[in-house]
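One structure is given below, encoded as structure tokens.
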Number of protein chains: 2
Amino acid sequence: MVLLRGMVGSVNFSASTTHALRATAWLAAHGDGDAVLGREMARKLKIPPDYLSKVLATLARSGVLTAVRGAKGGYRLARAPERIKLVEVVTPFEGTRARSGCLLRPDRPCRDSGACSAHRSWGGVNEAYRAFLEKTTVADIRDQA
Amino acid sequence: MVLLRGMVGSVNFSASTTHALRATAWLAAHGDGDAVLGREMARKLKIPPDYLSKVLATLARSGVLTAVRGAKGGYRLARAPERIKLVEVVTPFEGTRARSGCLLRPDRPCRDSGACSAHRSWGGVNEAYRAFLEKTTVADIRDQA
DNA sequence: GTGATAGTGGATATGTATATCCATTATGCA
DNA sequence: TGCATAATGGATATACATATCCACTATCAC
């Protein structure tokens, strides 16, 4: 296995989640009210079109985007970017990977939450992660699109 | 897709990494200097034996464990648990998943690191994660085994 | 030395996320 | 109404992590 020392230690999202974040950020930056073609977003963001379309459909079902079918259709943000939290964008894709947040037994709720210091500081990492997703909105990442 | 609202927002490790953490914690708690059979650890920790043996072999190659072959063989911690950082246990398994830490473009180094506030606070999440792995040792998670 | 034990490593199977392909449905517009 | 367009969704392919199986090598006990 290839070791990438110094690179370890970053929190990752799945490809689906990353596509969702980039797409919503791009819509916030370039959407002018009109619906934007999924195909065009895929081209601009260099994401496989048929894959992105699934991601966009999921976001539409979740209420983050509004899908417009037919000619002149496409996708637009369901609300102003300032009113869409990142947690809304992330949740539909990270749901299956969600865990208890317990370091050693992520498959089940952990006993003695506050017992050891390692457990508490690990909880702090998760709390920082959760807080970021709650307080950051699509408007905040618009410029990075 | 099933949504698990309220569960999203925890940082996860892969199964291999979790096995490695649990195995080293268990060795710190139960190893009394003698080598412990991989098979016994698998039984106690309820981890598939043949899978755990690969994980243990990787940890031995990385210098976290010492492997003892032949009869009366097994594995032991290479050093005192206080002197083994979690980052050493995690690195051999999370290496392939390592990314740039950039929220929207994890596949490449990100431009304008300090430009937007979202970028900075996301960097803070990663910093908390990295700091945890650096400051926590196997001794700190021993009790959770 | 001989046999039993235990780690090592290659080959393979399985499950899930990722990615692609294509038929269908819905809608705007002439 | 009819046509072009675009989202929708099912089926399938690919890649990788996970898991299993088995043959091989190294070492201890006798």
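Below, chains carry the letters A, B, ... as their sequence lines are ordered, and counting in each starts from 1. Because only heavy atoms are used, hydrogens play no part in the values below, and waters and symmetry mates are left out as well, while side chains stay in. Note that this is a predicted model, so its numbers are computed, not measured.
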Please name all residues satisfying side-chain contact (heavy atoms from CB on, under 4.5 Å) with [X], sequence neighbours left out, ordered by chain then number.
X        : answer
B:Arg61  : B:Ala57, B:Thr58
A:Arg79  : A:Arg83, A:Ile84, A:Glu88
A:Ala35  : A:Val68, A:Arg76
B:Ala139 : B:Pro81, B:Glu82, B:Thr137, B:Arg142

Distance below 4.0 Å between A:Arg61 side-chain N/O and D:dG9 OP1 or OP2: yes
Of all the heavy-atom pairs spanning A:Ala118 and B:Asp140, show the shortest one and how long it is. CB-O, 3.4 Å
How far apart are the closest heavy atoms of A:Thr24 and A:Val138, and which atoms are they? O-CG1, 3.5 Å
Please list, in numerical order, the residues of residues 48-57 of chain A that have a heavy atom closer than 4.0 Å to any atom of DNA chain C. A:Pro48, A:Asp50, A:Tyr51, A:Lys54
On the 0 to 90° scale, with breaks at 30° and 60°, tag the B:Phe13-A:Trp122 ring pair as parallel, tilted or perpendicular. parallel
If you apply the rule salt bridge (charged side-chain N to carboxylate O under 4.0 Å, His left out), what do you find for A:Lys44 with A:Glu40, and how did you get there? CA-CA 6 Å; A:Lys44 289 287 176 57; A:Glu40 185 188 348; 3.5 Å; yes
Distance check needed: [N] [atom2] versus [X] [atom1], whole Å only.
X       : N      : atom1 : atom2 : answer
B:Arg39 : C:dG7  : CZ    : P     : 7 Å
B:Asp34 : C:dA6  : CG    : P     : 13 Å
A:Glu40 : D:dT5  : CD    : C1'   : 15 Å
B:His19 : D:dA19 : NE2   : C1'   : 9 Å
A:Phe93 : C:dT16 : CZ    : C1'   : 16 Å
A:Asn12 : C:dA17 : CG    : C1'   : 14 Å
B:Lys46 : D:dA19 : NZ    : P     : 16 Å
B:Leu37 : D:dT27 : CG    : P     : 17 Å

Would you say B:Lys135 has more than 12 foreign heavy atoms packed within less than 6.0 Å of its NZ? yes
If you check every side-chain atom of B:Ala67, which of C:dG7, D:dT8, C:dA19 has the closest atom? C:dG7
Collect all protein-nucleotide pairs involving nucleotides 28-30 of chain C in which both atoms are nitrogen or oxygen and the distance is under 3.5 Å.
unit_1, atom_1, unit_2, atom_2, d
C:dG28, O4', A:Ala71, O, 3.4

